[in-house]
*Asks:* 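Let me begin by handing over the structure; questions about it come next.
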Amino acid sequence: MSLPASDLTKQPDQRTTMDLGAVLPCTAEVRDDHLFIGGVDMVELAREQGTALYVFDEADLVGRMEAYRDAFRSRYENSDVIYASKAFLNKEVVRLAEREGLCLDVSGGGELACAQSVGFPAERVFVHGNNKTPQELEEAISAGVGRIIVDSRIELARVSEIAGRLGVTQDIYMRITPGVEADTHEYIRTGCEDSKFGFTMLEDFAYKCVTDVLAAPNVRLAGLHCHIGSQIFALHSFREAAQVMVEFMARIRDGYGYLIEELDLGGGLGIAYTADHEPSSIDDFAEVTCAAVRDFCGEHDLPLPRLLVEPGRSLVANAGVTLYTVGILKTLPGIRKYVAVDGGMSDNIRTALYHAEYEPVIANKAGQPRTEIVTLCGKHCESGDAVVIDMPLQHPDLGDIVCVFGTGAYNMTMASNYNGQPRPAVVFVRDGQARVVTRRETYNDLYARDI
Ligand SMILES: *Cc1c(COP(=O)(O)O)cnc(C)c1O
């Protein structure tokens with residue numbers, strides 16, 4: 001896919017870095033025209049570590065984990081926050097989640113292996129996926145994971161058989177497709193009726209399947225799960241999902257005489273990718289979901305279940321930025337201005353995939369106004385390869401260090417080696433210190449698997 005045609009009437013916004021609002025990580029500041037995050041000069045860091053480089057503001061990351069935990073615990077005592085690790089995963093972020101008392105979502109054996117490698121408590125691991133392989137299920141059950149979120153009847157039979165073979169009873173959730181149309185991009189909408197995920201409610205299928213779940217040996221139905229999509233701004237979607245789920249719990253009680261003890265409402269809270277985005281706060285999200293579960297349980301005279309939520313993006317996206325070096329400048333008159341950076345779709349596939357928006361600044365001109373409209377293109381052999389399409393930027397020169405904000409979620413974990421590009425290092429910054437938590441890939445790493 002190529003780039004969408006440029007809107008040539010778009011005017012630069014004259015903003016400087018500190019005008020970019022909610023896209024900034026919490027410790028971002030400008031000193032002597034340089035961007036600092038975590039007290040570290042991003043220009044110096046880029047020169048020391050090379051680019052492309054993923055940088056995370058550790059105070060921001062930990063602050064959001066605490067904010068989530070406290071927002072829920074203060075409103076709803078029997079609640080837990082599960083970090084959806086597919087958003088950004090390495091050993092250090094798992095260690096942080098463990099220290100902050102979070103649980104962990106994994107969507108397969110590879111993510112589970114990361115959790116195990118740092119001794120994350122297995123009972124706090126939740127296993128997702130619409131097609132976990134029998135091997136992955138066996139790995140998860142023998143590791144002693146807390147919950148397996150069962151996505152289909154075929155999978156129910158597999159989990160039951162494997163748990164029986166291993167001589168254990170596995171706690172499971174049923175993933176329900178609640179039929180709620182979340183207000184977000186269609187590619188990241190998952191709760192509507194046409195979805196590969198979960199038990200559909202069409203023709204009352206999910207309800208009828210409860211018979212099989214309750215009859216299956218070696219599993220215990222501990223709870224229900226739904227996840228209606230991602231980058232959701234309208235909080236009423238979460239209230240609607242909670243309503244559908246609590247009504248379903250009431251039907252299971254009435255029809256099967258079985259009390260569902262846990263309710264997992266998934267993730268999906270939206271974040272600011274541009275300075276004009278005004279996402280709901282973590283507190284507002286907690287307020288709406290906790291109140292919804294209370295209200296609907298009250299209506300149906302149900303005891304309050306343990307409540308779980310699974311944020312990914314809203315925990316990590318704004319804590320992370322990507323640094324690049326400007327390598328080539330090309331102005332196509334009447335078309336657009338290209339600023340080519342030393343990365344692209346290999347470290348950020350979201351822009352090429354669905355024209356995601358991001359805010360860029362030049363880290364060594366961070367105090368200056370953004371006076372041009374540019375497209376930050378990558379170095380890859382695809383015309384759709386871009387990181388930022390038609391956004392304001394300070395006047396670019398060769399060798400400038402560009403910082404793209406809000407790249408902490410679904411960038412590093414979706415990175416590829418296209419064109420033989422080694423994947424960037426990940427650096428955590430805090431209190432003036434930078435530490436590499438994932439080293440840059442080497443050329444040797446690229447071909448280490450080849451025979
Ligand atoms: C992706 C995913 C999440 C996290 O979604 P975000 O939009 O990143 O918060 C949570 N739960 C499940 C099942 C998911 O697939």
Side-chain angles (χ1 to χ4, degrees), residues 61 64-65 67-68 71-72 80-89 93 97 102-108 110-112 124-132 140 145-152 155 172-178 180 182-192 195-199 223-235 237-238 241-242 245 262-273 277 279-282 284-286 288-289 307-320 349-350 353-354 356 406-414:
L61 202 54
R64 281 175 213 262
M65 289 181 178
Y68 251 108
F72 277 87
D80 273 296
V81 175
I82 309 171
Y83 171 48
S85 69
K86 72 177 192 281
F88 165 57
L89 181 63
V93 74
L102 270 53
C103 300
L104 199 71
D105 263 5
V106 301
S107 43
E111 292 179 355
L112 174 60
R124 275 156 59 192
V125 173
F126 292 63
V127 184
H128 283 274
N130 70 304
N131 184 16
K132 312 165 195 77
V145 298
R147 307 283 182 270
I148 291 180
I149 290 73
V150 171
D151 201 86
S152 62
E155 188 171 80
I172 61 167
Y173 289 173
M174 276 177 89
R175 178 166 180 163
I176 307 297
T177 318
V180 173
D183 184 12
T184 186
H185 194 289
E186 61 182 323
Y187 289 5
I188 46 182
R189 214 186 267 161
T190 51
C192 53
S195 171
K196 70 171 182 169
F197 295 104
F199 290 85
L224 300 179
H225 170 275
C226 71
H227 172 69
I228 57 174
S230 201
Q231 188 57 2
I232 297 166
F233 278 68
L235 292 181
S237 300
F238 294 108
M245 297 301 284
E262 304 183 13
L263 178 60
D264 180 344
L265 292 177
L269 180 62
I271 62 114
Y273 279 109
H277 282 164
S280 304
S281 67
I282 291 170
D284 289 344
F285 172 66
V288 166
T289 42
L307 172 62
L308 302 105
V309 287
E310 303 172 328
R313 189 190 310 272
S314 54
L315 274 173
V316 296
N318 292 119
I349 189 65
R350 295 186 66 252
L353 200 58
Y354 39 76
T407 59
Y410 304 110
N411 276 224
M412 179 263 204
T413 47
M414 289 186 175

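Whatever order the structure lists them in is the order used to number ligands and atoms, beginning at 1.
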*Asks:* Any nitrogen or oxygen of Gly312 lying under 3.5 Å from a nitrogen or oxygen in ligand 1? Just yes or no.
*Replies:* yes
*Asks:* If you look at every heavy atom in Ala409 and Val316, which pair is closest and at what distance?
*Replies:*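 Nearest heavy atoms, Ala409 then Val316: CB-CG2, 3.7 Å.
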*Asks:* Report the nearest protein non-hydrogen atom to atom 7 (O) of ligand 1: residue, atom name, distance rounded to 0.1 Å.
*Replies:*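 Sorting protein heavy atoms by distance from atom 7 (O) of ligand 1 puts Ser230 OG, 2.2 Å first.
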*Asks:* Test your reading of the structure: does Gly268 have an N or O sitting under 3.5 Å from an N or O of ligand 1?
*Replies:* yes
*Asks:* If we only consider heavy atoms of Ser314, is any one of them less than 4.0 Å away from an atom in ligand 1?
*Replies:*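 Ser314 does not count as a contact of ligand 1 under the 4.0 Å cut-off.
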*Asks:* Could you list which atoms of ligand 1 come closer than 4.0 Å to a heavy atom of Arg175?
*Replies:*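 So the answer, numbered in order with elements, is 13 (C).
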*Asks:* For Pro279 and Ala272, which heavy atoms make the closest approach, and how far apart are they?
*Replies:*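 Of all heavy-atom pairs spanning Pro279 and Ala272, the closest is CG-N, 3.6 Å.
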*Asks:* Just let me know how Asp105 lines up against ligand 1, side chain, backbone, both or neither, with a heavy-atom cut-off below 4.0 Å.
*Replies:*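 Near ligand 1, Asp105 shows its side chain, while the N, CA, C and O stay back.
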*Asks:* Report, in ascending order of atom number, the atoms of ligand 1 lying under 4.0 Å from any heavy atom of Arg313.
*Replies:* 6 (P), 8 (O), 9 (O)
*Asks:* For Ala84, take its heavy atoms, then give the atoms of ligand 1 lying under 4.0 Å from any of them.
*Replies:*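 Per the distance check, 3 (C), 4 (C), 10 (C).
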*Asks:* If you take all heavy atoms of Ile271 and Arg313, which pair is closest and at what distance?
*Replies:*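 So the minimum-distance heavy-atom pair works out to CG1-CD, 3.7 Å.
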*Asks:* May I ask you to decide if the ring planes of Tyr273 and His277 are parallel, tilted or perpendicular, using 30° and 60° as cut-offs?
*Replies:*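 The rings of Tyr273 and His277 stand perpendicular, inter-plane angle above 60°.
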*Asks:* Do Leu269 and Ser280 touch side chain to side chain, with heavy atoms closer than 4.5 Å?
*Replies:* yes
*Asks:* In this structure, is the centre-to-centre distance between the rings of His128 and His227 below 6.0 Å?
*Replies:* no
*Asks:* Among protein heavy atoms, which lies nearest atom 5 (O) of ligand 1, and at what distance?
*Replies:*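 For this ligand atom, the closest protein heavy atom is His227 CE1, 3.4 Å.
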*Asks:* Looking only at heavy atoms, what is the nearest atom pair of Gly198 and Asp151, with distance?
*Replies:* N-OD2, 2.9 Å
*Asks:* What is the nearest protein non-hydrogen atom to atom 10 (C) of ligand 1, stated with its residue, atom name and distance?
*Replies:*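 Result for atom 10 (C) of ligand 1: Glu310 O, 3.1 Å.
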*Asks:* Looking at ligand 1, is there an atom of it that comes within less than 4.0 Å of some heavy atom belonging to Pro311?
*Replies:* yes
*Asks:* Do Leu315 and Arg64 have side-chain heavy atoms sitting under 4.5 Å apart?
*Replies:* yes
*Asks:* Mind listing the closest non-hydrogen atom pair of Glu310 and Ala84 along with its distance?
*Replies:* O-CB, 3.8 Å
*Asks:* Does the residue Tyr410 have a heavy-atom contact with ligand 1, meaning some pair of atoms that are separated by less than 4.0 Å?
*Replies:*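 Within the 4.0 Å threshold, so yes.
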*Asks:* Specify the protein heavy atom at minimum distance from atom 1 (C) of ligand 1: its residue, its atom name, and the distance to 0.1 Å.
*Replies:* Lys86 NZ, 1.2 Å
